[in-house]
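Heads up: the structure comes next, in structure tokens.
Per chain, numbering begins at 1; letters A, B, ... match sequence-line order. Just so it is clear, the structure is predicted and the values come from calculations on it, not from any experiment. Computation of the quantities below employed the complete heavy-atom set of this structure, encompassing side-chain atoms and omitting hydrogens, waters and symmetry-equivalent molecules.
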Amino acid sequence: MFRHPIARRLFVSVLAASLVGLVPAGCGNRGGNRAAGGGDGGKVPGALRYALTAEPTTLDPALVSDGPTIDVLQQMYEGLVGWGENNDIVPLLAAQMPEISADGREYTFVLRDGVTFTNGRTVTAEDVKYSLTRALDPKLGSPVAMTYLNDIEGADAVNAGKATELAGVTAVDPKTVRIRLVAPRAYFLGKLTYPTGYALAKEEVEKGPTTPGGAHSINETNSVGSGPFKMGSYARQSKVTLLANANYWGGAPKLSRIERPIVLSAETRRNLYDTGQLDLVELEKSRYAQDRENKELQSQIKAYDRPATFYLGMNQTSYAPFKDRRVRQAFAHAINKDDILQRVLQGVNKKAEGVVPVGIPGYDPNFKGLPYDPAKAKQLLAEAGFPEGKGLPPLTLTFREQQPDLSKTAQVIQAQLKEIGVSINVDEMEWGKFLKMTDDRQIDFFHMRWMADYLDPQNFLSVLLHSKAPENRTAYNNPAYDALLDKADASMNKEERIRLYRQAERLVVDDAPWVPIYYQRDLELVKPHVSGIRESLFGHLPHTQTTVQ
Amino acid sequence: MLRFVAARIGLAVPTLLAISFLVFFAAYLSPADPVDIIVGERAAPEVKARTRQQWGLDRPPLVRYGDYLWNIVTRFDFGRSYLTQESIIDIIQRGFPNTALLATLALLLSLLVGIPSGMLAAVWVNRAPDRIAMSLALTGVAVPSFVLGPVLVLVFALRLDWLPVVGFSPQGGMTAEFFVLPTIVLAARSAALIARLTRSAMLDVLRQDYVRTARAKGLGNGVVLFKHALKNAFPPILTVTATTFGYLLAGSFVVETLFAIPGIGYQSIDAIRKRDYPVIQAMALLLASIFVLVNLVVDILYGVLDPRARLTGGGSGSIRQKGAA
Amino acid sequence: MPEAELTALAPSDAPAELTPPAPGVWRRLLANPLAAASLLLLLLLVLLAVFAPVVAPHGFAEQKLERQLENPSGTFPLGTDELGRDTLSRLLYGARISLSVAVAVEACVVTIGLLVGLIAGFFGGAVDAALMRVTDVMLAFPDVLLAILLVGIFGTATASPAASLLLVVVALGVTGWPPLARLVRGQVLGLRKREFVEAARSLGATNGRILRRHILPNLLSPILVAVTVDTAGVILAEATLSFLGIGVQRPYPSWGRMISDALAENHLRSEPRLILLPSLALSLTVLALNFLGDGLRDALDPRAHAKR
């Protein structure tokens with residue numbers, strides 16, 4: 001029925017009109033939005049539309065800990081340095097790469113001329129100092145500041161509330177800032193690219209709401225940075241819109257705005273892409289084989305390797321049996337990664353043997369982790385006093401909601417553990433809550449991912465598994481492992497560092513607080529009318545050159 | 001009449017009090033310490049202590065309950081989310097208009113479809129129009145909205161590309177076409193129920209002597225139908241309309257989830273998934289108040305329409321509502 | 001199913017038509033083709049659910065990853081899902097879950113509803129007023145909504161699948177009894193004034209004896225009808241909760257959960273079978289219960305039937 005276009009239009013108009021008649025005034029704005037979504041793939045020139053897969057966890061760069069939210073913030077803010085298209089560090093607020101003192105502890109940055117915040121004020125060295133100090137302020141209670149800024153002299157004093165002045169950062173003059181480290185760190189500039197290093201305008205921050213600890217935080221009303229875009233609007237549970245910053249030092253972006261509708265369901269996101277309402281969308285692995293055969297879609301598929309590891313984490317704080325290495329090893333031996341890779345991920349991803357993923361210096365292609373060996377798993381479990389899983393308290397594997405790949409992987413793991421007699425539950429959790437609860441070490445057994453913030457094994461081995469690391473969500477604690485890392489972190493000798501990190505990695509994989517499962521490889525569909533997306537290993541870079549036309 | 005209205009209102013207040021009491025103290029059964037949720041378990045003890053005090057969590061439960069009620073009644077303040085610290089009234093203000101609009105549209109649609117088809121079925125009872133209408137109505141009852149929704153999306157949005165796949169505009173701004181599918185999906189079930197009820201109410205009335213008399217007197221079918229039959233079938237229809245409203249709000253949980261509409265159904269499910277107790281509490285109270293209010297209005301209307309009900313005190317929208325799907 | 005229930009409930013406001021079930025109930029029920037077919041279908045479903053462990057070719061959580069998304073075959077009569085699980089087996093165990101939830105919930109509903117209704121109707125006065133007040137409060141809420149909020153407050157997350165099942169039963173059970181309580185009360189009010197009760201009382205029968213001998217037997221038919229129709233609602237409600245992810249937890253195969261998982265996998269376009277089969281199971285069960293309820297009502301009360 002309604003094959004004829006006129007009949008079709010009539011049908012829609014009647015339906016629409018009958019509803020318009022019912023819609024109370026004030027809900028108007030009946031622009032022909034979908035008129036733009038016709039057969040041409042539905043582009044809106046100048047607007048890049050891609051979904052946020054979860055509510056942004058925060059809008060405060062000093063508090064952010066997840067990739068999806070960082071992708072929003074990196075459009076609005078910049079630090080002294082950032083990532084470039086060759087996966088190298090490039091100067092952003094800094095005019096050029098810093099001068100590093102002979103002892104490797106002092107970095108001197110000269111700021112770029114004429115960079116302004118979107119409120120019109122020029123960015124100064126004081127702003128850099130303020131932003132770093134603020135991120136460390138214990139009243140703000142940032143879960144990430146000490147992970148990324150702890151190498152700066154005086155950071156721990158500020159973070160412990162013993163000092164208000166960050167001793168290691170000096171504003172030499174309005175255009176020069178000097179950062180002094182506690183010890184030479186090969187990866188320091190990498191850490192400085194993290195949002196904790198973004199420059200904020202103090203006068204704007206102080207307009208923000210007060211946190212439970214008594215500091216000011218940032219929301220959509222005071223998001224003011226110096227990046228290529230600025231906050232347009234944020235309708236919770238609905239959409240974030242970013243507008244081009246015409247005064248951006250690198251030239252106004254080619255887009256006029258970025259629209260990030262918040263769409264939790266993967267199915268709905270895909271439907272929106274297929275009907276031309278989104279310009280790019282992640283491609284679920286389950287649909288890859290099918291879409292690859294589709295003439296129209298195959299050219300829209302993009303694949304990106306990401307320096308990221310998907311793993312199982314076993315938390316010793318909240319689940320006592322995980323204190324026993326044999327239990328952890330038993331779990332590791334029970335997981336058949338190949339099955340997951342082939343059947344759930346359709347052969348797209350690479351198997352993870354170790355913690356450090358492909359793409360990070362020090363990745364060891366010859367390393368083999370704990371193999372799939374159910375007999376060994378059963379034996380270890382029995383030795384630990386839980387023969388056939390008997391006596392284990394109830395256990396739940398928790399993962400981020402609305403992610404089909406994760407939920408299928410979790411269900412396969414549930415079945416695989418059942419093979420050695422261990423019954424577990426699986427449970428999906430809202431993203432923000434999941435991050436918070438794993439961070440608080442309240443989740444016994446979780447499946448998640450870590451993506452590199454910078455290309456150094458330290459970002460995995462030390463940041464996630466050192467006993468003192470705030471990001472350690474498993475409470476893994478092995479003094480021998482810590483000692484190797486302390487040595488490697490302090491060294492400036494590349495070969496020595498890599499040797500030490502590899503040694504540490506062998507230790508930790510064998511201790512099995514983590515079961516690395518696979519390395520990330522993103523599949524994405526991008527509409528042909530989108531071009532100029534700048535790529536790095538870390539994901540799409542800020543959309544300064546992206547065009548939609 | 002005034003006494004009747006006053007009595008009805010007098011009953012609504014203790015009802016709401018009882019619900020608020022239950023909802024408030026149910027949260028005490030959760031093992032989690034709210035402070036740990038607000039600032040994180042690893043926060044410094046002094047931050048935790050200060051937060052406990054600032055949020056008033058250190059006071060005795062009954063005092064907190066009293067305060068909670070007082071804030072709601074005097075300032076419409078439901079407190080703040082433990083997880084996002086957002087003021088709950090902001091959440092409600094954001095979501096409620098969407099839900100109210102959707103439910104109203106669906107209510108109108110189900111009345112517009114349900115009453116005429118029920119009348120048609122009654123007039124042509126056991127003939128083709130009756131059979132068609134009642135088969136459709138049965139489908140509407142038996143097919144849950146979480147099946148109907150995706151199927152309609154597949155056909156009308158993905159295959160034919162006539163309508164959007166979601167119930168909000170990703171470009172911002174609300175246009176009517178975004179409401180078409182969600183409204184239909186939400187209304188399907190209640191339209192079916194209203195049609196079935198209208199049919200049986202009409203049949204009962206059409207059998208009454210005075211209708212037969214009217215017909216015998218040679219009054220036209222239309223006159224008989226509208227002047228006599230529909231008028232007398234109206235009270236049960238009114239009752240079911242109130243019930244329908246309850247369905248629609250419950251159904252909005254599923255429909256808003258299906259179509260990504262940020263209304264209170266969507267927000268409630270979100271809060272339940274996050275175990276965000278203050279938000280769950282507020283939503284429960286809000287919905288309860290709406291139901292009590294709607295029932296109150298129907299009771300009073302019913303009393304006006306049918307004075308006998310005032311004496312027996314019966315006959316409100318108190319029909320079990322199950323299977324909101 | 002409020003509409004059907006409305007009819008079932010109608011006697012509560014009007015004086016009840018009180019006759020013990022007329023003879024020939026079975027004959028009349030089976031003479032109604034829709035009701036007979038529904039009864040047959042439901043019996044079959046019950047048998048399949050009870051004997052699911054015997055009948056099902058595979059386990060409900062048994063994954064054969066190398067056989068994922070297969071079309072129907074000898075090994076997998078209805079094909080497999082994205083984890084290589086047998087769809088038929090999952091549907092059968094799904095029936096087991098739906099029906100056990102329904103039976104458990106109705107047990108709660110009948111117990112509470114009967115108790116409240118009997119006490120209120122039999123003793124009347126202040127007791128009646130108080131109990132009916134509570135009933136009205138509960139009736140103000142659509143019970144699915146109440147169940148959703150109950151589940152939300154008590155939480156299924158990190159609960160074992162068995163615990164989640166229990167929570168669903170409790171949530172639907174404690175919210176579902178008010179209409180039955182009203183129905184029972186209405187019937188009891190009517191019965192109390194009947195000659196045979198008056199007569200028994202004047203002969204010195206105790207309250208307990210009157211309840212047992214004269215009232216309860218007469219309540220059987222209306223309760224049977226109400227419960228049949230209500231079961232359809234319970235099954236839909238469980239599916240809704242599970243669809244929303246707050247009902248029965250994995251790996252238990254609730255029909256509602258099967259539908260939502262298949263939708264999340266975007267199977268609607270590529271493997272519609274995985275959505276249509278559980279939907280069909282759900283809709284057919286609901287329809288059958290409705291038809292059976294209607295048929296039962298007509299069969300138990302032939303005079304009402306004659307009026308139509």
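With C:Leu268 as the partner, the side chain to side chain contact (heavy atoms under 4.5 Å, CB included) test is satisfied by one option alone out of B:Leu154, B:Val153, B:Leu158: B:Leu154.
Of the two parts of B:Ala18, neither the backbone nor the side chain holds a non-hydrogen atom closer than 4.5 Å to a non-hydrogen atom of chain C. Residue B:Ile269 touches chain C through its side chain alone, counting heavy-atom pairs closer than 4.5 Å. Residue contact with chain B, scored on non-hydrogen atoms closer than 4.5 Å, is absent for C:Ala147. For B:Leu22, no part lies near chain C; criterion is any non-hydrogen pair under 4.5 Å. Of the two parts of C:Leu244, the backbone and the side chain both hold a non-hydrogen atom closer than 4.5 Å to a non-hydrogen atom of chain B. Interface remark: C:Leu280 contributes no atoms to any contact with chain B (heavy atom separation under 4.5 Å).
To the nearest 0.5 Å, atom CZ of residue C:Phe243 and atom OG1 of residue B:Thr257 are 7.0 Å apart. The distance from atom CG of B:Leu138 to atom OG of C:Ser283, rounded to the nearest 0.5 Å, is 11.0 Å. The structure places CD1 of B:Ile272 at 9.0 Å from CG of C:Leu241, a figure rounded to the nearest 0.5 Å.
Of all the heavy atoms in B:Pro144 and C:Leu236, the pair that sits closest is CB-CD2, 3.9 Å. Looking at every heavy atom in both residues, B:Ala142 comes nearest to C:Leu287 through CB-CG, 3.4 Å.
For the pair B:Phe253 and C:Ile246, the minimum side-chain heavy-atom distance is 4.5 Å or more.
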